[in-house]
Amino acid sequence: KHATGLFMSANGGLTWERVPLFGSGPYRCHDIQFHPSRLGWIYVTVEALGVNSGIWRSKDGGANWHRLGDGLPPPDKTERTALALAPSDANIIYTQIEHRTQVFGVYRSADGGDTWSSISGTHFIDEKQMSYNNVIVVHPEDPDWVLCGGVNLHLTQDGGQNWRQAATQSNTERGDPTYAHADHHKLVM
C-alpha cells in the first residue's frame, strides 16, 4: 500500500482509507480546501507522475473526482501546488504552482475552478525553493487581496494585475523590522 496521498475517514477518524483519485498509482496531496457554501465540494492539489498532477475537484464529498485544467499548466509540468479560496467569495480561487523549485505561475479562477487565468506575469522569476515553501492566502473580506510566499512574501491588492514583494526580506538581519525567515509554510489572515 502507498503511504502518501489523500486519506479519508467515514467514521470520525477511527479508521482511514487512501482515496484512489486516479487508480492505485502513487501521488502526493499538498493542499486540500473545502468550499464553504457548496456542500460536498472539495479541492485537492496533487503531485504525481505524468498526466495526473494538478488540481482535482469533487462535487460529491469525495466519491468522484475530476482534474481541473482549463487555463492551468500541463500536468507534467505541475509539481507542488498551493490553493486558496477567497473567504468572501469562494468561487474565486487562487493557486501558486511550482515547477523545478521555481514559481511556474500564479493563477486565478472566478468560476469555482472551471477556468483559470495566469496572473503572475514575470514578477516571480527570481523566486526559489517552491518545492519546499509554497503558500497562498486571500484576505477574508477582499477577494483581490492575495499574499503568497516562497523564499519571500508577495502581495497583490488588485487580483494579480500588479504584484510587489511584501515588506519582508529573508536576507536582512534578525531584529530588523523587515526580516522574515525564508521558509514560509503557512499563511493565515
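Keep in mind the model is a prediction, meaning the values are calculated, not measured.
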Does a sphere of radius 6.0 Å around CG in L14 hold more than 12 heavy atoms from other residues, nucleotides or ligands, not counting ones at 6.0 Å or beyond?
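For L14, atom CG is crowded (more than 12 foreign heavy atoms under 6.0 Å).
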Does a side-chain heavy-atom distance below 4.5 Å link [X] with [Y]?
{"X": "W56", "Y": "L6", "result": "no"}
{"X": "Y94", "Y": "L85", "result": "no"}
{"X": "Y132", "Y": "H185", "result": "yes"}

Under 4.5 Å between side-chain heavy atoms, hopping through other hydrophobics if needed: is there a path connecting [X] to [Y]?
{"X": "I119", "Y": "W145", "result": "no"}
{"X": "F124", "Y": "L72", "result": "no"}
{"X": "M130", "Y": "V146", "result": "yes"}
{"X": "W65", "Y": "M8", "result": "yes"}
{"X": "I32", "Y": "I55", "result": "no"}

Please list, one pair per line, the donor and acceptor atoms closer than 3.5 Å that link side chains of residues 42-50 to other protein atoms, with sequence neighbours excluded.
residue: Y43; atom: OH; partner: G112; partner atom: O; Å: 2.6
residue: T45; atom: OG1; partner: D31; partner atom: N; Å: 3.0
residue: T45; atom: OG1; partner: T81; partner atom: O; Å: 2.8
residue: E47; atom: OE1; partner: H30; partner atom: NE2; Å: 2.8

Output the distance between atom CZ (R18) and atom OH (Y27), rounded to the nearest 0.5 Å.
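If we round to the nearest 0.5 Å, R18:CZ and Y27:OH are 5.0 Å apart.
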Return all side-chain donor-acceptor pairs below 3.5 angstrom for residues 135-143, not counting sequence neighbours, or 'none' if the list is empty.
residue: H139; atom: ND1; partner: E141; partner atom: N; Å: 2.9
residue: H139; atom: ND1; partner: D142; partner atom: N; Å: 3.3
residue: D142; atom: OD1; partner: D144; partner atom: N; Å: 3.0

With a cut-off of under 6.0 Å to the ring centre and 45° to the axis, is R57 in cation-pi contact with W41?
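Ring-cation test returns yes.
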Check R164, H154, Q165 against H123 for a side-chain hydrogen bond (donor to acceptor under 3.5 Å, both in side chains) and give me the one that passes.
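Only match with H123 under side-chain hydrogen bond (donor to acceptor under 3.5 Å, both in side chains): H154.
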Could you report the tightest heavy-atom contact between P73 and T78, atom names first, then the distance?
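Closest heavy-atom pair between P73 and T78: O-OG1, 3.7 Å.
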Closest approach of N52 to R67 (non-hydrogen atoms, all atoms of both residues):
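Answer, listing the atom of N52 first, then R67: O-CD, 3.9 Å.
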Using a 3.5 Å distance criterion without hydrogens, assess whether the side chain of T156 forms a donor-acceptor pair with backbone atoms of W163.
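No; judged by distance alone, with no hydrogens or angles, the pair does not exist.
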Determine whether a donor-acceptor pair (N or O, by modelled atom type, separation under 3.5 Å) exists between the side chain of S109 and the backbone of T115.
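Pair found, side chain donor or acceptor close to backbone of T115.
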Contacts under 3.5 angstrom, residues 86-93 side chains, donor-acceptor by atom type, not counting sequence neighbours:
residue: D89; atom: OD1; partner: N91; partner atom: N; Å: 3.2
residue: N91; atom: OD1; partner: H35; partner atom: NE2; Å: 3.4

Side chain to side chain contact (heavy atoms under 4.5 Å, CB included) between E17 and V19, worked out
CA-CA 6 Å; E17 289 192 30; V19 177; over 6 Å; no
